[in-house]
Amino acid sequence: MFAHVDINNFYASCQRLFRPELEGKIIVVLSNNDGCVIARSDEAKALGIKMGDAEFQVRDLLNKNGAYIFSSNYALYADMSARMMNNLARYTYMLMVYSIDECFMAIDHMPGVDLEEYIANMRDAVVQNTGLPITIGVGKTASLAKFANRAAKRARKKYMVLDTMDKVDAIINDFDIEDLWGVGFSYYKKLTAAGIMTAGDFRRQEPGWVQKQMTIQGLRLWRELWGEQCHVLNDLFERSKAICSSKSFNTYQTELCYLEEAIATYTATVASKLRVQESMALNINVFLRTNKHRKDHDQYYPSITLKLPFSSNSTAELTKVALQALRAIYTPGYYYMKGGVTAIGIVPAGEVQYDVFTEYQGERQTELSGLMDKINARYGKGTLRVAIEGYKKHWIMKQDYLSPNYTTRWQDIIKPI
DNA sequence: TCTGGGGTCCTAGGACCC
DNA sequence: TCTGGGGTCCTAGGACCC
């Protein structure tokens, strides 16, 4: 049996948590660069604000209705997320963090326990300890747990336990196909065109047809809806397979020197994430993008993947290769709006791939990176950095509505009035 | 003027091996 | 007329997730 837990309107709920006077008020949280809406309180949803709406297009509507607008504050969200996960972890022997606001938990092997009661208690504890509103779905497979969670939200319940297939059958024909986990925009179009409107309709299809239309993943979803387990919970501490840092620029960039600053800065982030999870990368991908919304601009989306001479997580080594990649794809004459760096081919830090033709400097680099991490942890991110990351960083993103870091900076802790 | 950032998995096709 | 049969590995692109 699986439980799927998620936090309702997560980013908006985090902002409200430290501003209780915003209870019942319209709240939206904007993406990096304050570009578009990525989280909404129920009141904002009721107003008709959609996920992904551009800020400048809904600005008037928000202001007219007295909405509270926030820039994304990932330091705050990451910390609140960790608090919830830690609370939940006490209720299971295995928990898989699925995203910043969701996880799956194994809740089997508990003979004699009343599941409804167990889930209700677990929810109360998390709400009490973190202040975050959560919803819980329980089912025989991960897909059914997700299904139960969604159904709970639809029914305005705090949790829903679908521990028998009878309970699934009772609601599956009222469940819209687009709400199914694994059905996105193009499958939605394909399925509704074939007359499949509900999860029940989908489950009645021939498995061969499902696989042909939606690959093996669609077939897995189909099986899971029948109660056959296909998704296994991964180990919580598994290394990720790719680590990416990418961001839009504040203004269009045309000069190589500023793109170098940005790419070097993103590379430093990637290298530091690699070190945190004790991994090294074998390949680095660098990409640039122009603004696809500007029909009057020439479009250019270059991307290149380069091999490192040997696996590394050193900021200096990775930066050297990332800049080489950037110079290979950079073409003057375009208005670049975004760039990014991805580490791929990730291996455990111990397994070094030596190269016959290149002198190995791994130990020195590891020592240097460790020292940088220590200094930056003590004096703040970016205190010690590679020179090419730049000093002014005039391309850096806009965050006009940033809230305090209530839980991660001493200066920002709320004081009694 | 202004339109996010971070991931996963699967498939097809090409390069290459014997 | 007629040009093998069996693999592996890698990459790009497309679907999905939050």
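Bear in mind that the values here come from a model prediction, so they are computed numbers and not experimental data. Note on naming: letters A, B, ... go to the chains in the order of the sequence lines (proteins, then strands), and numbering restarts at 1 for each one.
Between Phe104(A) and Tyr98(A), the distance from one ring center to the other falls under 6.0 angstrom. Between Trp181(A) and His231(A), the distance separating the two ring centers is shorter than 6.0 angstrom. Taking the six-membered ring wherever Trp is involved, the centroid distance between the rings of Phe175(A) and Phe202(A) does not fall below 6.0 Å.
With sequence neighbours left out, the salt bridge (Lys or Arg N to Asp or Glu O under 4.0 Å) criterion links Asp124(A) to no other residue. Looking at residues two or more places apart in sequence or on another chain, you find no salt bridge (Lys or Arg N to Asp or Glu O under 4.0 Å) involving Lys50(A).
Both the sub-6.0 Å distance and the 45° axial angle are satisfied by Arg203(A) relative to the ring of Trp226(A). Cation-pi geometry between Lys140(A) and Phe2(A) is not met: the NZ or CZ atom fails to fall both under 6.0 Å from the ring centre and inside 45° of the normal.
When each of Met337(A) and Ile243(A) is assigned the nucleotide of DNA chain B bearing its nearest heavy atom, the one mapping closer to the 5' terminus is Met337(A). Positionally, the nearest nucleotide of DNA chain B for His297(A) lies more toward the 5' end than for the other of His297(A) and Thr215(A).
Backbone-only contact: Tyr252(A) has heavy atoms under 4.0 Å from sugar-phosphate atoms and none from a base. Across all strands shown, Phe10(A) has no heavy atoms under 4.0 Å from either base or sugar-phosphate atoms. Counting non-hydrogen atoms under 4.0 angstrom, Lys146(A) reaches the backbone sugars and phosphates but no base. Contact annotation for Ser245(A): backbone-only contact, meaning every heavy-atom pair under 4.0 Å involves sugar-phosphate atoms and none involves a base. Note on Arg220(A): only backbone sugar-phosphate atoms sit closer than 4.0 angstrom, heavy atoms only; bases stay farther off. Among the protein residues, Lys292(A) comes within range of no part of the nucleic acid, since none of its heavy atoms lies under 4.0 Å from any strand. Counting non-hydrogen atoms under 4.0 angstrom, Asp34(A) reaches nothing in the nucleic acid. Here Lys247(A) lies in heavy-atom contact (under 4.0 Å) with sugar-phosphate atoms only.
Residues of residues 39-66 of chain A having a heavy atom closer than 4.0 Å to DNA chain B, listed by number: Ala54(A), Phe56(A), Arg59(A).
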Show every donor-acceptor pair shorter than 3.5 Å between a side-chain atom in residues 188-195 of chain A and any protein atom, with sequence neighbours excluded, or say none if there are none.
from, atom 1, to, atom 2, distance (Å)
Lys190(A), NZ, Gln213(A), O, 3.1
Thr192(A), OG1, Tyr188(A), O, 2.7
Thr192(A), OG1, Lys189(A), O, 3.3

Reading DNA chain B 5' to 3', what string of ( ), [ ], | and . shows its pairs, if Watson-Crick and G-U wobble pairs count only when both distances fall under 3.5 Å? ....||||||||||||||
Show your reasoning for whether side-chain hydrogen bond (donor to acceptor under 3.5 Å, both in side chains) applies to Asn87(A) and Thr130(A). CA-CA 8 Å; Asn87(A) 268 273; Thr130(A) 66; 5.8 Å; no
Apply ring-ring contact (aromatic ring centres under 6.0 Å, His included) to residues Tyr300(A) and Tyr330(A) and explain how you reach the verdict. CA-CA 10 Å; Tyr300(A) 184 43; Tyr330(A) 170 75; 8.9 Å; no
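Where DNA chain C meets chain A (any atom under 4.0 Å from a heavy atom), the bounding nucleotides read 5' to 3' are dA15(C) to dC18(C).
Not a single donor-acceptor pair under 3.5 Å links the side chain of Asp412(A) to the backbone N or O of Tyr406(A).
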